[in-house]
2 protein chains.
Amino acid sequence: MNETDEGVTRWRRVADRIRSAIAEGTMGERLPPETELAETYGVNRHTVRRAIQSLSAEGLLRAERGRGTFVNAAPPRLAYPIGPRTRFSENVSAQGRRPGGRLIRADTMRADGALAQLLDCAPGAMLHRLETLSVANGVPLSIATSHFSVERFPGIVRAYAETGSVTEALRLEGVADYRRRETRITAERVHRLDAEHLASAPDAIVLVSLAVDVDLDGRPVQAIRARFPADRMELVLRP
Amino acid sequence: MNETDEGVTRWRRVADRIRSAIAEGTMGERLPPETELAETYGVNRHTVRRAIQSLSAEGLLRAERGRGTFVNAAPPRLAYPIGPRTRFSENVSAQGRRPGGRLIRADTMRADGALAQLLDCAPGAMLHRLETLSVANGVPLSIATSHFSVERFPGIVRAYAETGSVTEALRLEGVADYRRRETRITAERVHRLDAEHLASAPDAIVLVSLAVDVDLDGRPVQAIRARFPADRMELVLRP
DNA sequence: ACGAATTTGTGCGTATGTATT
DNA sequence: TAATACATACGCACAAATTCG
């Protein structure tokens, strides 16, 4: 190893050299095997593995058991417009993709304090919980968990199952139209079950959007917690 | 180790048991040392470390060299409103925090294709690049890199240095007012230098906001790429 | 002030498992 | 089947940071 960057741990130096080699294009699409990298950099294979682990966490590399370690091509992110009239199917089809959705789970739960405040209902009130996976061109784009008041929308689950659309289901339940009142966005590591549905790496990052839709009278209709894989999606806001 | 969850790797089982112990409250604020955990779970210390690494990545734990491994208390996130008139100092002071900013770097660069399109200038045009760190109550909240056309705003850096405010600096350069035209939001792992400035863990997650401000005639004024630590901030949109 | 004990971080060697070629 | 390549796991040693007597 080079002695110029004294004070930096070996695996970090290895990671930097691999990153540079990729940036210069001297690495190619596929990395040499770990044993070979260990030899060329003069370190133990574990040290190479620690470096590769770090670069994989950044999204630069992708290690596949039995096959090799590959350089990730950075695909362009799909834009997801957010506004007062955000609707998933319209968003995706506008970009020439074939939208699709699948109901993952439907059950009931009791509102905790935060949900009760968002939905303007009593804490402990029964809520329908709908979990849906959105897909475009076969690529999972989001998991959304929607919460509806059971008292106000008793048949929402059946209506959604029949129509496949929240907009249509709400219309059947007497909500002519709705709009977005507030969206809160943060990010976190993907949860394990979400990672499976989203076909993401177990340590991938998701954008988390917590939104409230209200009817034309301003009454809360649904609270939605959507998770978007951050390496495939970006949220776009236009005032 | 328990033999009921056959087929799952040991470090994952250890991680699950630690997570459960924390959830049940039987773990306390500080974890036992790695050697002790290894003994109680009947695995090697490396296996415990792999589990702790995973839980740290989730944000549940925090390992401090020489001190121990601690359970992270989840602090409430600070809300950052985004809208057509987003201004940092107004945002933060509205929440009873004392805002502050610091200029990290100021230099020039050439516009790549993406920046040129955002700023409506020629690719390769010279741009001022201003990197600023925003702090509230001593806690770093964001790093923002602003790009301005050198041709149009030759004195923007000096003006910013004197006034400490982009709004004021732009006024000195002849821009009476500006508004947000577009904001694109995604998320990624924090870069190393950003992590130092933001006082984040090296594997923390940042929300990345790429925004364009335009003057009253609709001409692009600045392109901003801001990074927010996702464990401390959430972006809030109200139509 | 200083050294010993404690605790996490890094690194190497070895062995074995598992998926792919 | 055999060879290859990444994944997991153990053991040992030492480094670096902190704590405490």
Side-chain angles (χ1 to χ4, degrees), chain A residues 1-3 5-18 27-72 192 195 199 201-203, chain B residues 1-3 5-18 27-72 192 195-196 199 201-204:
Chain A
M1 291 294 304
N2 195 340
E3 301 298 338
D5 13 36
E6 204 75 48
V8 182
T9 55
R10 292 198 186 184
W11 68 263
R12 234 176 240 289
R13 281 182 285 182
V14 171
D16 287 342
R17 291 182 65 171
I18 293 176
M27 190 56 97
E29 184 62 23
R30 179 191 160 160
L31 266 61
E34 293 170 348
T35 50
E36 192 179 323
L37 287 171
E39 196 174 1
T40 64
Y41 292 135
V43 298
N44 187 275
R45 187 180 148 228
H46 282 310
T47 309
V48 169
R49 280 182 60 74
R50 184 69 183 82
I52 288 177
Q53 184 183 30
S54 171
L55 295 173
S56 300
E58 288 179 19
L60 183 62
L61 296 181
R62 162 181 37 91
E64 299 181 21
R65 184 198 289 222
R67 289 182 23 87
T69 303
F70 303 87
V71 178
N72 271 332
R192 196 171 332 163
D203 58 351
Chain B
M1 292 293 304
N2 196 339
E3 302 297 339
D5 14 36
E6 204 75 48
V8 181
T9 56
R10 291 197 184 183
W11 68 262
R12 229 178 247 287
R13 281 181 283 181
V14 171
D16 288 341
R17 291 182 63 169
I18 293 176
M27 189 56 95
E29 185 61 23
R30 182 194 155 157
L31 265 62
E34 294 169 349
T35 49
E36 191 179 322
L37 287 172
E39 195 173 2
T40 63
Y41 292 134
V43 299
N44 188 273
R45 187 180 148 225
H46 281 307
T47 308
V48 169
R49 282 182 58 74
R50 183 69 184 82
I52 289 176
Q53 185 182 29
S54 171
L55 295 173
S56 300
E58 289 179 19
L60 183 63
L61 296 181
R62 163 181 38 90
E64 298 182 22
R65 184 202 293 226
R67 290 182 25 88
T69 303
F70 303 86
V71 179
N72 271 332
R192 202 188 308 176
E196 294 176 15
D203 58 351

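All values below were derived from every heavy atom in this structure, side-chain atoms included, with hydrogens, water molecules and symmetry-related copies excluded. Letters A, B, ... mirror the listed sequences (proteins, then strands); counts begin at 1.
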Footprint string (nucleotides 13-21 of chain D, 5' to 3'): B base within contact, S backbone only, - free, heavy atoms under 4.0 Å: ---BBBS--
Set of residues satisfying side-chain contact (heavy atoms from CB on, under 4.5 Å) with respect to [X], sequence neighbours excluded:
X: B:Asn72; answer: B:Arg62
X: B:Glu196; answer: B:Leu193
X: B:Leu55; answer: B:Ala15, B:Ile18, B:Arg19, B:Glu58, B:Leu60, B:Leu61
X: B:Ala57; answer: A:Arg189, B:Asp203

Mind calculating the distance between [atom1] ([X]) and [atom2] ([N]) to the nearest angstrom?
X: B:Phe70; N: C:dT6; atom1: CZ; atom2: P; answer: 17 Å
X: B:Arg50; N: C:dT8; atom1: CZ; atom2: P; answer: 17 Å
X: A:Glu34; N: C:dC12; atom1: CD; atom2: C1'; answer: 15 Å
X: A:Glu39; N: C:dG13; atom1: CD; atom2: P; answer: 12 Å

Residues in contact with DNA chain C, drawn from residues 53-64 of chain B - heavy-atom cutoff 4.0 Å: B:Ala63, B:Glu64
Output all residues satisfying side-chain hydrogen bond (donor to acceptor under 3.5 Å, both in side chains) with [X], sequence neighbours left out; order by chain, then residue number.
X: A:Arg65; value: none
X: A:Arg30; value: none
X: A:Arg67; value: A:Glu64

Would you say [N] has OP1 or OP2 under 4.0 Å from some side-chain N or O of [X]?
X: A:Arg10; N: C:dC12; answer: yes
X: B:Thr69; N: C:dT8; answer: yes
X: A:Asn44; N: C:dG13; answer: yes
X: B:Thr47; N: D:dC10; answer: yes
X: A:Arg49; N: D:dC6; answer: no

Side-chain donor or acceptor of A:Ser56 paired with backbone N/O of A:Ile52 under 3.5 Å: yes
Flag side-chain contact, heavy atom, 4.5 Å: A:Arg12 against A:Ser54: no
Per A:Pro33 side chain, nearest of listed nucleotides C:dT7, C:dT10, D:dA5: D:dA5
From C:dC12, D:dT8, C:dT10, nucleotide with atom closest to A:Trp11 side chain: C:dT10
